[in-house]
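Read through the structure below, which is laid out as structure tokens, and then see the notes.
Note that these values count all heavy atoms, side chains included, but never hydrogens, waters or copies made by symmetry. Start at 1 and go down the list; that is how both ligands and their atoms are numbered.
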Amino acid sequence: MNTRRHFFQSAGIAGGALAAAAISRVAMAALPEPVIQSLPDTMAPLVPPNGRPYRPVLTLNGWTLPWCMRDGVKEFHLVAEPVVREMAPGFKAHLWGYNGQSPGPTIEVVEGDRVRIYVTNKLPEHTSVHWHGQRLPNGMDGVSGLTQPSIKPGKTFVYEFVARRPGTFMYHPHADEMTQMAMGMMGMWVTHPKAAHPLIDEVDRDICFLLNAYDIDPGSYTPQIMTMLEFNIWSWNSRVFPGIDSLNVRYGDKVRIRMGNLTMTNHPIHIHGHEFQVTGTDGGPVPRSARWSEVTTDIAVGQMRQIEFVADEEGDWAFHCHKSHHTMNAMGHKIPTLIGVDHSGLAGRIRQLIPDYMVMGERGMADMGEMEMPLPDNTSPMMTGEGPFGGVEMGGMFSVLKVRKEQKPGDYSNPGWYRHPPGSVAYEWTGALAEPARSLAAGKSAMPVQAMPQGEVEVQVRKPQSGGAKLDKGHHH
Ligand SMILES: [Cu+2]
């Protein structure tokens, strides 16, 4: 549901007057009203009402920005502003974004379109918009200080260029970037080819989203902005599982998924049950001879990857980042490791007072998700998501690809859980068990040992200390 607010009303009278001074006379004649959308639901693809036709993309838990066609130019109006984003049911974050949301709306145009984008700054500090990956005049590149003065609070700037090459791009500020990206300012941009393209296939489904990350202390609402590596909320389009919608497709569909990474670490994105090919990067389409099949593709910081596959296996297939700490939510940095710690004496004594008392984390972290360990208000449970067979024990960058024969062409709605054919689900064995064969050889070494240690050494592997922080720190080279 889109709500229209008049520009001068939403900017306030003072802001409107300031903005008017900052934009050209042509633009002033009819600045398009900003379209604001604040629901976190996945909106239906925006079928183009005018201009060259194309099959629109679906933005996961997001939407596409409508435009006004004016003398053959597609005019958009972005408003940079503070927003409240529901990251998962019951978990709201105070972010910065565009037009009511973080991330901002997807901008969709066609190769060769002339595009004019009004950017109104309703943030408490200056900003700019960089059109990541685009070919454009240098002065439209949005690097404050280098190619333009920054957009001061209350001002509106105009960007105008021709979308010269088809592909998947992103937009984000290039002004106080660390703060503004840590606060959620970013969006996707898709330029469709103007005619049949030898390297861009027609697809039945086209889905896009951004990878983003936040450092939000459990119980608080606003991200830490000085964080460089210790992010604890790993999200797709500022949503965390189970708040991320599933990707619902029809059996036999050719599916394209476009993902851009604006976090500060890489994400190996993994799909179950299918192989895909990387068909495009932010540099454009990948030559066919350079494509190979994979089930995981690593998306580095500032990169975009476009993957394609035919959805030819029915079911509910996990689709997630393969860094296991990125499929967890709200890992506090101070949760101690309790695995292997013997609480029996202590627990026994506490049970005299509280009969059902149990120590969390003794057997691993799964307990914490299932037991709904008490957490401060406004904290996403670490791992949640209830599937048809129990807790999924996932959070963060996780969703499900749902492939169904009954799904109607073009219908992106959620078909519910997959009904497995009888006899096709893993089951418990209740018969007799033979003794498994074990190799008892200690192993040989390729070179003679120079000095043996005094006595044998045995170690216990410990669970990582605390989620994302420590693991990402280990990546320094
Ligand atoms: Cu990841």
Practice task
Check whether NZ of the Lys or CZ of the Arg K402 lies under 6.0 Å from the centre of the six-membered ring of W417 and within 45 degrees of that ring's axis.
Solution key: yes

Problem - Partner of W131 by ring-ring contact (aromatic ring centres under 6.0 Å, His included), out of Y159, F76, F169 - result: Y159

Problem - Protein N, O or S atoms lying under 2.8 Å from the Cu ion (ligand 1), listed by chain and number - result: H267 ND1, C321 SG, H326 ND1

Fill in the blank from the handout: By side chain to side chain donor-acceptor pair (under 3.5 Å), S144 pairs with (sequence neighbours left out) none

Handout entry: Side-chain H-bond candidate by donor/acceptor type, Y171 with T106, under 3.5 Å
Key = no

Problem - Interatomic distance, M178 atom CE to M183 atom CE [nearest 0.5 angstrom] - result: 12.5 Å

Exercise for the section: Please report the C-alpha distance between R55 and D206 in whole Å, then the side-chain angles of each, then the deciding distance to 0.1 Å, and finally whether the salt bridge (charged side-chain N to carboxylate O under 4.0 Å, His left out) criterion is met. Expected result: CA-CA 8 Å; R55 185 184 291 277; D206 203 338; over 6 Å; no

